[in-house]
Amino acid sequence: MPRKAAAGRAPLRIATWNINSVRLRLPLLKDLVAALEPDVLCLQETKCPDELFPHEGVAALGFGHRLVRGMKGYNGVAILSKRPILLREDDPDWCGKGDCRHLGVSLDAPGGPIELHNFYIPAGGDIPDREKNPKFGHKLDFVAEGTAWSAARPARRAIMVGDLNIAPLEHDVWSHKQLLDVVSHTPIEVEALTAWQRGGEWHDALRHFVPADQKLYTWWSYRARDWRAADRGRRLDHVWVSQDLVGGLTRHAVLKDARGWTQASDHVPVMVEIAA
DNA sequence: ATGGTCGTAAGACGA
């Protein structure tokens with residue numbers, strides 16, 4: 001994809017992908033880079049302790065700057081960058097669990113530092129009731145913490161991305177009606193995520209490009225016999241930008257092809273280009 | 001049809 005400067009600033013490409021094991025799917029990163037050419041790539045569900053992170057393979061793709069926050073078996077996030085990144089030391093330990101679901105950095109962008117946050121919000125289990133299912137409670141608590149965190153500090157030159165595990169709009173799911181009781185699209189989750197977005201004055205960068213009445217998915221279940229034919233997707237992966245960056249948005253991509261790759265993740269990479 | 005399939009890591013558990 002050719003790059004074109006906008007608003008007098010060089011375009012910056014930020015991508016996000018729930019990779020579902022960085023060690024297993026390391027070879028696929030090469031295809032992602034060829035397709036999207038991201039300057040910064042945020043990963044979720046790396047499922048990799050920091051001492052085992054495949055730094056060499058990632059560096060070979062041009063990501064000279066890397067910050068990882070992983071653990072054994074579950075969760076894990078990473079930010080891979082072609083530009084310098086600096087860890088934000090003062091960010092919260094979400095729900096006090098130390099479970100590697102967030103990484104915040106200061107990114108050296110063409111027009112000055114940008115605050116970049118990479119999130120992996122809890123999936124929330126199967127039953128949408130916090131009394132019967134503590135995992136659902138954890139998810140709601142996490143989103144509530146995020147809401148308070150954003151509201152306390154207005155976002156300037158800020159981007160947040162990641163697997164938020166909530167599909168907020170009617171056309172972010174294949175059937176609004178059939179998913180109203182399914183974790184990821186219940187009204188309580190949708191309201192909670194919308195409150196975070198509203199209170200933090202975040203702008204939904206993907207819906208900036210794709211009208212709300214058009215279907216848009218970033219995840220298709222492994223359990224479908226034929227994910228493409230059924231097309232029962234959900235938009236669980238998001239890019240939000242602060243209002244002062246909205247005017248710089250130049251393009252986006254949802255790499256649906258990646259769902260058909262050999263040994264695919266159930267999520268596909270999402271990219272936003274922004275003059276920043 | 002209340003299933004189905006993944007990854008981790010070695011039997012469940014989380015998604």
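Lettering of chains follows the sequences in order, A, B, ..., and the numbering in each one begins at 1.
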Task: Carboxylate-amine/guanidinium proximity below 4.0 Å for A:Glu191 and A:Arg198 - done: yes
Task: Rounded distance (Å) that lies between atom P of B:dA9 and atom CE of A:Met71 - done: 11 Å
Open item on the list: What is the separation between atom CD on A:Gln44 and atom C1' on B:dA15, rounded to the nearest whole Å?
Closed with: 14 Å
Open item on the list: Any base atoms under 4.0 Å from A:Arg25, or only sugar-phosphate, or nothing? Heavy atoms, all strands.
Closed with: sugar-phosphate
TODO: Rounded off to whole Å, could you give me the CZ-to-C1' distance for the A:Arg232 and B:dT5 pair?
DONE: 16 Å
Open item on the list: Less than 4.5 Å apart, side chain to side chain, heavy atoms only: is that true for A:Arg235 and A:Leu206?
Closed with: yes
- [ ] Using whole Å, report how far OH of A:Tyr74 lies from P of B:dG7.
- [x] 15 Å
Task: Worked check of ring-ring contact (aromatic ring centres under 6.0 Å, His included) between A:Trp94 and A:Phe119 - done: CA-CA 10 Å; A:Trp94 301 84; A:Phe119 281 99; 5.3 Å; yes
Open item on the list: With nearest nucleotide decided by heavy atoms, which residue, A:Ala123 or A:Ala264, maps closer to the 5′ end of DNA chain B?
Closed with: A:Ala264
Open item on the list: Suppose we call a contact any N or O donor and acceptor under 3.5 Å apart; does that hold for the side chain of A:Arg225 and the base of B:dA1?
Closed with: yes
Open item on the list: Between A:Arg223 and B:dA15, is there a contact of a side-chain N or O with OP1 or OP2 at under 4.0 Å?
Closed with: no
TODO: Starting at atom CG of A:Asn20, determine the distance to atom P of B:dG14, rounded to an integer number of angstrom.
DONE: 15 Å
Task: Whole-angstrom distance between B:dA9 and B:dA15, as gauged at atom C1' - done: 16 Å
Open item on the list: Determine whether a donor-acceptor pair (N or O, by modelled atom type, separation under 3.5 Å) exists between the side chain of A:Trp219 and the backbone of A:Arg234.
Closed with: no
Open item on the list: Distance check needed: B:dA9 C1' versus A:Arg23 CZ, whole Å only.
Closed with: 10 Å
Open item on the list: Rounded to whole Å, please give me the gap between CG in A:Asn75 and P in B:dG14.
Closed with: 11 Å
- [ ] Could you tell me whether the phosphate oxygens of B:dT8, OP1 or OP2, come under 4.0 Å of any side-chain nitrogen or oxygen in A:Lys72?
- [x] no
Task: Length of the line joining A:His267:NE2 and B:dT5:P, which is rounded to integer Å - done: 18 Å
TODO: Please measure how far the P atom in B:dG7 lies from the corresponding atom in B:dG3, and state the result in whole Å.
DONE: 22 Å
Task: Atom P, compared across B:dT8 and B:dT2: separation rounded to whole Å - done: 30 Å
Open item on the list: Please determine whether a side-chain nitrogen or oxygen atom of A:Arg101 lies at a distance below 4.0 Å from atom OP1 or OP2 of B:dA15.
Closed with: yes
- [ ] Please figure out whether A:Pro122 or A:Gln263 has its closest DNA chain B nucleotide nearer the 5' end.
- [x] A:Gln263
Task: A:Val77 vs A:Arg101, side chain to side chain contact (heavy atoms under 4.5 Å, CB included): CA-CA, chis, key distance, verdict - done: CA-CA 6 Å; A:Val77 286; A:Arg101 294 180 177 275; 5.7 Å; no
- [ ] Sticking with atom C1', work out how far B:dA10 lies from B:dG14, rounded to a whole angstrom.
- [x] 16 Å
Open item on the list: If you only use heavy atoms from C-beta on, which nucleotide in B:dT8, B:dC6, B:dA15 is closest to the side chain of A:Glu45?
Closed with: B:dA15
